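Taking it in order: structure first as structure tokens, then the write-up.
What you see is a predicted model, and the numbers here were worked out from it, not measured in a lab. The figures here come from the full heavy-atom set of this structure, side chains too, leaving out hydrogens, waters and symmetry mates. Residue numbers start from 1 in every chain, and the chains themselves are labelled A, B, ... in the order their sequence lines are given, proteins ahead of strands.
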Amino acid sequence: MYYYEVAPVRIIRAKQACFTYHHDQILSIGQLVSVSVGKQILTGIIIRNVSRPNYETKVISSVLPLPPIPKQLIDTACWMSSYYATHLATVLQMVLPRGITKKRRISASRDLSFSRDRTHFLLNETQSLAVDTLNSIEVGTAILHGVTGSGKTAVYIEHAKHILLRGKSVIVLVPEIALTSQLLAEFQQHFPSIIVSHSQQTEAERHRVWQQVLDSLSPVIVIGPRSALFLPIKSIGAVIVDEAHEPSYKQDQAPRYSALRVASVLARAHEAHVIQGTATPLVSEYYLASMAHQPVLTMRERAVKKTLEPNIEVVDMTNKALFRRHRLFSDSLIQNLTETLAAGHQVLLFHNRRGSAAITLCEHCGWSALCPVCGTPLTLHADLHRLQCHVCGKNNRVPTACPSCHGAEIIHKGIGTKLIESEIAKLFPEKVIARFDGDTQLATTLEKRYQELYDGKIDIIIGTQVVAKGLDLPHLRTVGVIQADAGLSLPDYIASERTFQLISQVIGRVGRSAHKTSVILQSYQPDHPAIKLGITQNYQEFYQTTLSERRGRGFPPFTYLLKLTCIYKTERAAIRNSQQLANTVKNSFPHVAVLGPTPAFYERQYNSYRWQLLVQSKKRSTLLEIVSIVPPSHWQVDLDPYTLL
DNA sequence: AATGGATGTCCG
DNA sequence: GGACATCCATTT
């Protein structure tokens, strides 16, 4: 008789993940089995074989007729479980497809191996140097720091070919937006069969893809969102993470993992490497790479030589003389729009809706209300008539006059895309306008209307963050940013980094051809480093500035963070319980800093109140200890949060 | 007596 | 996390 530790894919006990079962045959690790637990029958994975325990064991009911899950993937899942203090069963639910025991109809031969004409491109010197370096890497993480249009995709493709030739598979991760079709199309020109996984697949489709990978004997190329890391690939050679700065690489539900961290652990298990491709590497990741002496490959020039750099103009919103014709749109923006539209070209007006809510700033000099304790921007609570810091919880009175210029022009209002649309429609009544916002529908709407956008049938595009990403619009000539500093007023230590990324993306929308293009950026804080250095695309200086600021304030990469959110039906209970936990943590863990409790940025969600605590610690293990004393219900735990909101 | 909600215990 | 038991309050 053989004894095995089996991890069921559902939580059985809060503090235990594996249970011992027996079977009369030798089974391999990673084998999927059916076991009875209490009165239910559950699927489980064999984690290890053990000797006979001193208690009675049940027999493994059946062994699923499937190849075992690769050992490296199981090890990665176990690592995730401990690193993110999440039950192994919760992690395994990512690893196995839903409805794994269901019978599926025989796949309707969706073999999409249609052969296309393969475009052979010639790499420029920088690109081939990058490919050579990547090909020579054995393990670890390389950062491919290439400006928009520097031809990162071509580098990915060449490198992927190299890995395939070595008989190993490649995972290409893309952010979770429906705009990945361009990258996919380019890959399809070079590889006959690509395995695609995306968030809109049905349960049966996912199952089929998973089965296909599990059965595959030859190396594969997989393109998909962060969940593609969990496909049962036998031998991985490289994980390429495209747009590696994107926040969607952090899952916002348990297990709250960072795909960057998981990719590096998975890669290490496979003796493979990770490539983070982005125009704006995350400051923390760049720091990590330089500390570990990992390669950082910089590609400064655009791949196509004939392109014309866009003309960038910054409009100081505190200077009212520049806004004679409209309070939202500067005179030069209106003039530029008029000219571009008259010539029959396309314009894009971008506005960061988030953060442009109720913020407090001086319209005269651009001063904005910052917390005297921790420096984060303050949020107005109109009902209390107080300015509150959502990071450390300190309350401040609302100034009646600007502390900087003593003017009385303190404003609290924000701007919405709807307002922009109606105002722009008044200015250009005969033009076709399309507005994109609302986070979930946006991706599908964009997909549907992409052809119209691409063909230039829409004159004016108005939208929030997502329109600034990955869209390739050949008719686009002008991009206007209504208030570039909008995101800076968010009470989040990473806000300025996000703004820097955003400006880079916006600039990347134009200047992709030989046409004359322009970017007009309006801002109350034109001299803020994120904006100034974003415009000049000076990553190095932004990196150094941000790093020293983070060091000073004790934020990553110099500390680890733990975000604890307390959710109760009544505000009183939320406050009381978060206060209590804050005290417990402060008393039992003297070496950590506890910020809060403060109302969560999204204070009321699903008819409940949310208050949060932020814990900063030099040692990550201390945060894991803290997690273990957090009450199991009413609390959400987020280790290494990507955002404090 | 029947129903339903809240709470507690066990799970190899 | 879910199946099930047990307790207690409310409904008929």
Name the orientation class of the two ring planes belonging to A/Y2 and A/Y4 (parallel below 30°, tilted from 30 to 60°, perpendicular beyond 60°).
tilted

Counting only heavy atoms and a strict 4.0 angstrom limit, can you tell me which residues of residues 85-99 of chain A come near DNA chain B?
none

Below 3.5 Å, can you tabulate the donor-acceptor pairs from side chains in residues 222-234 of chain A to any protein atom, sequence neighbours excluded?
unit_1	atom_1	unit_2	atom_2	d
A/R226	NE	A/Q251	OE1	3.0
A/R226	NH1	A/S248	O	2.6
A/R226	NH2	A/Q251	OE1	3.1
A/K234	NZ	A/L214	O	2.9
A/K234	NZ	A/S216	O	3.0

Please tabulate, for side-chain N and O atoms in residues 92-103 of chain A, each donor-acceptor pair with protein atoms closer than 3.5 Å (sequence neighbours left out).
unit_1	atom_1	unit_2	atom_2	d
A/Q93	NE2	A/V9	O	2.8
A/K102	NZ	A/E203	OE2	3.0

Applying side-chain hydrogen bond (donor to acceptor under 3.5 Å, both in side chains), name anything that partners A/T280, two or more places apart in sequence or on another chain.
none

How long is the line joining CZ of A/R10 and C1' of C/dG1, in whole Å?
7 Å

Close aromatic pair by centroid cut-off 6.0 Å: A/H634 and A/Y568:
yes

Side-chain donor-acceptor pairs of residues 34-46 of chain A under 3.5 Å, sequence neighbours excluded:
unit_1	atom_1	unit_2	atom_2	d
A/S36	OG	A/K58	NZ	3.0
A/Q40	OE1	A/R10	NH2	3.3

Classify the ring geometry of A/W79 against A/Y83: parallel below 30°, tilted from 30° to 60°, perpendicular beyond 60°.
parallel

Measure from NZ or CZ of A/R620 to the centre of the six-membered ring of A/Y84, then state whether that distance is under 6.0 Å and the direction lies within 45° of the axis.
yes

Can you name the atoms? Protein N/O to nucleotides 4-11 of chain B N/O, anything below 3.5 Å, with the distance.
unit_1	atom_1	unit_2	atom_2	d
B/dC11	O3'	A/G38	N	3.3
B/dC11	N3	A/I12	O	2.8
B/dC11	N4	A/I12	O	3.2

